[in-house]
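Here's the structure, in structure tokens; my notes come after.
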Amino acid sequence: MKINWKKVNRKTHYWGAVICAIPILIVIVTGVLLLLKKEIHWVQPPTIKGPSKVPELSFEQIMSAVKAIPEAGIENWSDVDRLDVRPNKGVIKVRANNQWEIQLDQQTMKVLQVAYRRSDFIESIHDGSYFHDVAKLGLFLPSAVILLVLWITGMYLFFITLFAKQRAKTRRDSLCDSR
């Protein structure tokens, strides 16, 4: 029995697209948001620049400044997810565990901005870790592999069609030349 590879390829392409449609849609939409995170302030707050280029605040000063921000809900260092010091921009960013970000002038301790940061949440949806490790490895990873197979089968279909058209054109040209 001879295998019709064109038929197998088309069926693989057809069903593969159906199987991974939702996870790939999630990856595409969140990927677009992440690509534009610096342009869409709803995703990631813009960095406000401070005048000083030398950080002069102590950790105690930083903690006292961020404790005064009610949205952040920071009482101690265990409530802080990360601390990002940007000397060239004159700012210290403090990100709370609840995703609120406080930007402080690195010299005067003045609060430059308080905003909610969604980029980490969107990234966790993007890689599937938001749902569960089982979803990440059992759904998003296979979808990525299926997408790779779709790309390969799609390229195969593209080139087979291109070569078939080129061969038909060559035959037509040779028939016209022989007449």
Hey, could you give me the CD1/OG1 distance between I152 and T12, rounded to the nearest 0.5 Å? 11.5 Å

Stepwise side chain to side chain donor-acceptor pair (under 3.5 Å) check, Q99 with E101: CA-CA 6 Å; Q99 301 306 309; E101 179 180 274; over 6 Å; no

Please name all residues satisfying salt bridge (charged side-chain N to carboxylate O under 4.0 Å, His left out) with R10, sequence neighbours left out, ordered by chain then number. none

Heavy-atom nearest pair, A135 first then G128, reads CB-O, 4.4 Å

Just jot down the salt bridge (charged side-chain N to carboxylate O under 4.0 Å, His left out) partners of R118, sequence neighbours excluded, or say none. none

Flag side-chain contact, heavy atom, 4.5 Å: F59 against L83: yes

Side-chain contact, heavy-atom cut-off 4.5 Å: K53 with P87? no

Is the shortest heavy-atom distance from the side chain of T30 to the side chain of E123 under 4.5 Å? no

Compare all side-chain heavy atoms of V94 with those of I74 and state whether any distance is below 4.5 angstrom. yes

How long is the span from the CZ atom in F163 to the CZ atom in F158, to the nearest 0.5 Å? 9.0 Å

Validation row: H126, I26 side chains within 4.5 angstrom (heavy atoms): no

Residues at least two apart in sequence or cross-chain that pass salt bridge (charged side-chain N to carboxylate O under 4.0 Å, His left out) with K169, listed by chain then number, are D173

So, for A72 and N98, which heavy atoms are closest and what is the spacing to 0.1 Å? O-ND2, 3.0 Å

Do you know the tightest heavy-atom contact between T47 and R86? OG1-NH1, 4.4 Å

Pairwise side-chain contact, R82 with D120, heavy-atom cut-off 4.5 Å (strictly under): yes

Roughly how far, to the nearest 0.5 Å, is the CE atom of M155 from the CG atom of L150? 13.0 Å

Provide the full list of salt bridge (charged side-chain N to carboxylate O under 4.0 Å, His left out) pairs with a residue in residues 57-78, sequence neighbours left out, each pair given once. none

Give a yes or no on whether L104 and V85 share a hydrophobic cluster (residues Ile, Leu, Val, Met, Phe, Trp, Tyr; joining criterion: side-chain heavy atoms under 4.5 Å apart). yes

If you group Ile, Leu, Val, Met, Phe, Trp and Tyr by side-chain heavy-atom gaps below 4.5 Å, do V134 and I22 land in one group? no

Looking only at atom types and distance, does a side-chain atom of D105 sit under 3.5 Å from a main-chain N or O of V111, one as donor and one as acceptor? no

Return all side-chain donor-acceptor pairs below 3.5 angstrom for residues 35-44, not counting sequence neighbours, or 'none' if the list is empty.
| from | atom 1 | to | atom 2 | distance (Å) |
| --- | --- | --- | --- | --- |
| Q44 | OE1 | R117 | NH2 | 3.1 |

Report, as yes or no, whether the 6.0 Å neighbourhood of atom OH on Y156 holds more than 12 heavy atoms from other residues, nucleotides or ligands. yes

If you round to the nearest 0.5 Å, how far is CE of M109 from OG of S64? 4.5 Å

Using a 4.5 Å cut-off between side-chain heavy atoms of Ile, Leu, Val, Met, Phe, Trp and Tyr, which other residues end up in the same hydrophobic cluster as I48? V91, L112

One should read off an interatomic distance between I62 CD1 and I102 CD1, to the nearest 0.5 angstrom, of 11.0 Å

Does some side-chain heavy atom of Q113 sit less than 4.5 Å from a side-chain heavy atom of P45? yes

Min side-chain heavy-atom separation D84-I92 under 4.5 Å: no

So F131 and F140, would you call those rings parallel, tilted or perpendicular, with 30° and 60° as cut-offs? parallel

